[in-house]
Protein chains: 2
Amino acid sequence: MQGRLDTFIEGMQGAETLDDLQGHIIGLRDVFDVEHLVYHSVNASGGQYAALTYPLTWVDRYLEQDYARVDPVVQGCYRRFHPVDWKRLDWSGKQVRDFMGEAQDAGVGQQGFSVPIRGPNGQFALFTVSDRRTDTAWNKYTERHVRDMILAAHFVNQKALEIERGTDETQQRNLSPREVDALTMLAMGYSRAQAAESLSISEHTLRVYIESARFKLNASNTTHAVARALTLGLLIV
Amino acid sequence: MQGRLDTFIEGMQGAETLDDLQGHIIGLRDVFDVEHLVYHSVNASGGQYAALTYPLTWVDRYLEQDYARVDPVVQGCYRRFHPVDWKRLDWSGKQVRDFMGEAQDAGVGQQGFSVPIRGPNGQFALFTVSDRRTDTAWNKYTERHVRDMILAAHFVNQKALEIERGTDETQQRNLSPREVDALTMLAMGYSRAQAAESLSISEHTLRVYIESARFKLNASNTTHAVARALTLGLLIV
DNA sequence: TATTAACTCCCCAGAAATGGCGAGTTCGAC
DNA sequence: GTCGAACTCGCCATTTCTGGGGAGTTAATA
């Protein structure tokens, strides 16, 4: 496996389009010897991109129903750092059970293992393998291959970012230190008056920072600006 | 190396305090056979934690001068996904050159290679190795060990998160679906009126959601509530 | 079935944020 | 040495939020 994965990563470097990547994902499924393999990226601008081996009808259904808001895999990985076995997630709740039922019917294996991946500007992606092995076989399988999956997740995401924006480096213009300060205070719950006092500047100056930050972030109001700054990883609250 | 890294990762699982981790970091330097090795995390609560082999005087100086705002390694990694060789970073600019001079004097090797790591809630960390090898030797070294460094970075960060908050999973407070909807709309920049229309409810109802969310999140105003929901990973914008 | 939580609706007054006007200093970079 | 970008200050009118009341319906769960 180690050798095949290395070969795969090298081979993937040639990919230049998202279609190429989709092809590699299918190849990767064989390398990992599982039934399904999914790479799904959500960037902070709301754009989604997926390369996967699930049936397309299920993908359509998933998007149409906005199942990402229910899917325990997405919700669980979003608040974890380390990869997680689907069995460890919280599957209680009516909506979730209904969702799971549908997913089973659609042919998604009952076993699954997902690796959360995060990139600059609040990018979030998932690398998932799923299968029908028994619990014991699956435990043994995942234990043996966690590291391979972490690496595969990393390189697939790196390639996807590179394809999407030409490089994996983002060209976002930075907020000035004072703009960061201002938004940080607001994110901590201070009112404008309190924030201004905290920073020892006039409330008006504070407003200038907020507005220029709003402009840079393309935000329509203060809350939006703070939200964008947070999801872009610009604030350390 | 592969074998020694595996052993290291297993050994590190026993670490229970940050001091333990510091010890492992020193051990890891030998595994990687470099002069310095640094793990530096900035968690979402603003606390910083570092485990490293640099001289402490340099660390103090770095913190005191808030050099993270200047350091091209931090700045560059912050907007990249893939690990990066220090040579590829932008070292122009007066402040940066001064900083580099000081770093050299402090004994930081001229060669360096850093892996950006991101966790839930905007956590950001760096895993860095630095050395004094020649350019060619360093290129060969980094090329051979990128994957090892990615894995080491992952597991060190996972351990650090686990130590810091007991688990790598962030705590969930249950906002109701409508509360999530409401905060999501606001985080996307909608005004209350627009959000209410989007959700097909009266503006007043929307207010009820915002206020109950504010209460649950212990937030002092709408912006704060949205910020907290985002950093708690409750919203996927 | 009982109970809890979520969901939905309405009014008013005071507090806070926004939009639009302008202006001077300092610092590093080209 | 000019240029741009960051930092700092003020006022007024308008819009938007917040805090304080109260109340009925559905859906899940114990």
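Residue numbers begin at 1 in each chain, while the letters A, B, ... track the order of the sequences.
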Atom [atom1] of [X] to atom [atom2] of [N]: distance rounded to whole Å?
X	N	atom1	atom2	answer
B:Ile210	D:dT18	CD1	C1'	10 Å
B:Leu199	C:dA6	CG	P	17 Å
B:Glu179	C:dC7	CD	C1'	10 Å
B:Tyr209	C:dA5	OH	P	16 Å
A:Leu186	C:dA17	CG	P	8 Å
A:Asp98	D:dA27	CG	C1'	13 Å
A:Asp181	D:dA6	CG	C1'	12 Å
B:Asn221	C:dA16	CG	C1'	10 Å

Identify whether any heavy atom of B:Ser212 sits under 4.0 Å from a base atom; if not, whether one sits that close to sugar-phosphate; answer base, sugar-phosphate or nothing. nothing
Only counting residues at least two apart or in another chain, list the ones meeting side-chain hydrogen bond (donor to acceptor under 3.5 Å, both in side chains) with [X].
X	answer
B:Arg97	none
B:Ser130	none
B:Tyr54	none

Centroid-to-centroid, B:Phe81 to A:His154, below 6.0 Å? yes
Counterpart residues, ring-ring contact (aromatic ring centres under 6.0 Å, His included), relative to A:His224 (two or more places apart): none
Sequence neighbours excluded, the answer for ring-ring contact (aromatic ring centres under 6.0 Å, His included) partners of B:Tyr39 is none
Under 4.0 Å from OP1 or OP2 of C:dA5: is there any side-chain N or O of B:Lys216 that close? no
Output yes when at least one side-chain N/O atom of A:Ser176 is less than 4.0 Å from OP1 or OP2 of D:dC7, else no. yes
Give the B/S/- string for nucleotides 9-16 of chain D, one per nucleotide from 5' to 3', where a protein heavy atom under 4.0 Å of the base yields B, of only the sugar-phosphate yields S, and otherwise -. BBBB----
salt_bridge(A:Glu143, A:Lys140) N-O dist < 4.0 Å: no
Partner residues of A:Glu16 under the side chain to side chain contact (heavy atoms under 4.5 Å, CB included) criterion, sequence neighbours left out: A:Asp20
5' precedence on DNA chain C between B:Arg178 and A:Arg214 (nearest-nucleotide basis): B:Arg178
Would you tabulate the pairs of protein nitrogen or oxygen atoms and nucleotide nitrogen or oxygen atoms of nucleotides 26-30 of chain C closer than 3.5 angstrom?
residue, atom, partner, partner atom, Å
C:dA29, OP1, B:Lys94, N, 3.3

Using atom types as modelled, flag every donor-acceptor pair under 3.5 Å from a side chain in residues 203-212 of chain A to any protein atom, sequence neighbours excluded.
residue, atom, partner, partner atom, Å
A:Thr205, OG1, A:Ser202, OG, 2.9
A:Ser212, OG, A:Glu179, OE2, 2.5
A:Ser212, OG, A:Val208, O, 3.3
A:Ser212, OG, A:Tyr209, O, 3.2

